[in-house]
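Okay, structure first, notes after.
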Amino acid sequence: MRAVRNTTHGGPRLLKVQDVEVPRRRPGEVLVQVHAAGVSYPDVLQSRGEYQNRVPLPFTVGSEFSGVILEADPESGFTVVDRVVGVVSDGAFADYVVAPADRVLPLPDNIDFTSAAAMPINVLSAEFALNERGHVQAGETVLIHGAAGGLGLALTQQAKLRGATVISVVSTPEKAELAGRMGADFTISPHDFLDQARHITDGRGVDVVLDPVGGERFTDSLRSLTREGRLLVLGFTGGSIPTVRVNRLLLTNTTIVGVAWEGLMPECGVSLPDQWERLAPHLADGALEPLISAVLPLAEAPEAVAMLDERRAKGKLVLTVRS
């Protein structure tokens with residue numbers, strides 16, 4: 001089969017499409033014929049050997065996929081040719097992938113394979129952040145950094161479904177248009193987001209900040225919160241990991257919450273099927289349809305991962321594996 005392989009830890013452009021053996025599943029796993037694969041930030045990190053779940057070289061990259069079941073244990077709940085979507089720690093950029101059965105989810109008939117491959121990491125991470133970690137409620141105001149990325153757009157959609165007011169932090173007019181299309185009530189610039197957030201909230205501040213960026217914005221994110229506000233840390237795509245002066249937390253009863261959705265980790269304390277079931281009504285009515293910016297063939301996977309790494313992607317990138 002074809003597979004996109006990391007052989008050097010040299011970054012996205014040194015990934016190679018090679019022929020390898022079809023993987024064999026073990027008990028508790030399913031074998032899936034891949035139709036499409038989503039490109040996500042863990043793939044960027046994997047291309048350099050920087051992801052927290054280290055995989056020995058050489059290996060097949062790729063974390064999210066959609067396709068059909070070829071082999072499964074009877075007790076898995078899946079049968080041959082079931083349409084599914086799922087996640088793995090590695091191996092999704094290939095014609096076939098093996099995945100733990102509890103990381104594979106039934107795909108509703110109204111969702112095509114391309115759209116499905118764009119969903120799992122962002123949609124499930126957003127649900128985990130807003131529901132289990134952030135406890136976002138109707139009527140609250142939420143500020144989202146990196147709001148035009150795949151995760152930011154998923155956070156926007158689901159925050160709106162929860163009845164929150166959304167302030168999206170975006171760097172260009174084009175990204176502001178994307179965020180607005182997905183439901184953002186306000187779009188503001190990262191350069192002066194603190195002043196703009198205070199203006200929008202009449203000086204009160206926001207209830208929740210969702211931050212997958214980190215870096216220099218972190219202190220002003222804390223300052224943008226109202227008393228007893230929550231700052232959710234989802235990642236550090238800005239490149240640097242910020243530090244916190246904890247006296248600010250004490251003075252305003254601020255809570256900083258780590259958000260580590262574990263779907264890609266060997267040990268996972270989150271039930272993906274339970275998450276998928278909670279989202280089922282919104283999946284059925286199309287409210288969680290992803291914004292896909294480009295669909296590329298599997299042979300162009302190195303370019304797709306580079307596009308994400310270089311912040312040239314607006315929305316989600318998807319690889320077509322099987323037509």
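We're numbering straight along the sequence, starting at 1. Atoms considered below: every heavy atom in the structure, side chains included; atoms not considered: hydrogens, waters and symmetry mates.
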Point to revise | Check against side-chain contact (heavy atoms from CB on, under 4.5 Å), Leu70 and Val32 | key: CA-CA 5 Å; Leu70 291 186; Val32 176; over 6 Å; no

The ring pair (Phe, Tyr, Trp, His ring centres under 6.0 Å) partners of Phe59 (sequence neighbours excluded) come to none

Looking at every heavy atom in both [X] and [Y], which two are closest together, and how far apart are they?
X      : Y      : value
Val39  : Lys316 : O-NZ, 3.0 Å
Leu317 : Ser293 : CD2-OG, 3.5 Å
Ile111 : Ser115 : CG2-CB, 4.0 Å
Asn131 : His135 : O-ND1, 3.1 Å
Ser63  : Ser89  : OG-O, 4.2 Å
Ala301 : Phe93  : CB-CD1, 4.3 Å

Per side-chain contact (heavy atoms from CB on, under 4.5 Å), Arg204 is matched among Asp202, Val206, Asp207 by Asp207

How about [X]: does its [atom1] atom have over 12 heavy atoms from other parts shown lying under 6.0 Å from it?
X      : atom1 : result
Glu300 : CD    : yes
Glu262 : CD    : yes
Asn253 : CG    : yes
His9   : NE2   : yes
Glu132 : CD    : yes

Output the distance between atom [atom1] ([X]) and atom [atom2] ([Y]), rounded to the nearest 0.5 Å.
X      : Y      : atom1 : atom2 : value
Ile256 : Leu225 : CD1   : CG    : 9.0 Å
Asp185 : Ile200 : CG    : CD1   : 9.5 Å
Arg24  : Glu71  : CZ    : CD    : 10.0 Å
Arg25  : Leu31  : CZ    : CG    : 8.0 Å
Glu64  : Met119 : CD    : CE    : 11.0 Å
Leu264 : Tyr51  : CG    : OH    : 4.0 Å

Practice problem: Determine, stepwise, if the pair Phe65 / His35 fulfils ring pair (Phe, Tyr, Trp, His ring centres under 6.0 Å). | Solution: CA-CA 8 Å; Phe65 61 89; His35 282 237; over 10 Å; no

If you measure from the Lys or Arg side-chain nitrogens to the Asp or Glu carboxylate oxygens, is any gap between [X] and [Y] under 4.0 Å?
X      : Y      : value
Glu29  : Arg103 : no
Asp220 : Arg217 : no
Arg230 : Glu140 : yes

Would you say Asp82 and Thr79 are linked by a side-chain donor-acceptor pair, where the criterion is simply a distance under 3.5 Å?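 Indeed, the side chains of Thr79 and Asp82 share at least one donor-acceptor pair under 3.5 Å.
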
Quiz prompt | Criterion salt bridge (Lys or Arg N to Asp or Glu O under 4.0 Å) on Glu310 and Arg13, from CA distance to verdict | solution = CA-CA 11 Å; Glu310 296 161 7; Arg13 296 190 183 280; 3.3 Å; yes

Exercise. Can you check side-chain hydrogen bond (donor to acceptor under 3.5 Å, both in side chains) on Thr252 and Arg227, steps first, answer last?
Worked result: CA-CA 5 Å; Thr252 56; Arg227 293 187 63 83; over 6 Å; no

Do side-chain atoms of Gln46 reach the backbone of Val61 as a donor and acceptor pair under 3.5 angstrom?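 No, because the side chain of Gln46 does not come within donor-acceptor range (under 3.5 Å) of the backbone of Val61.
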
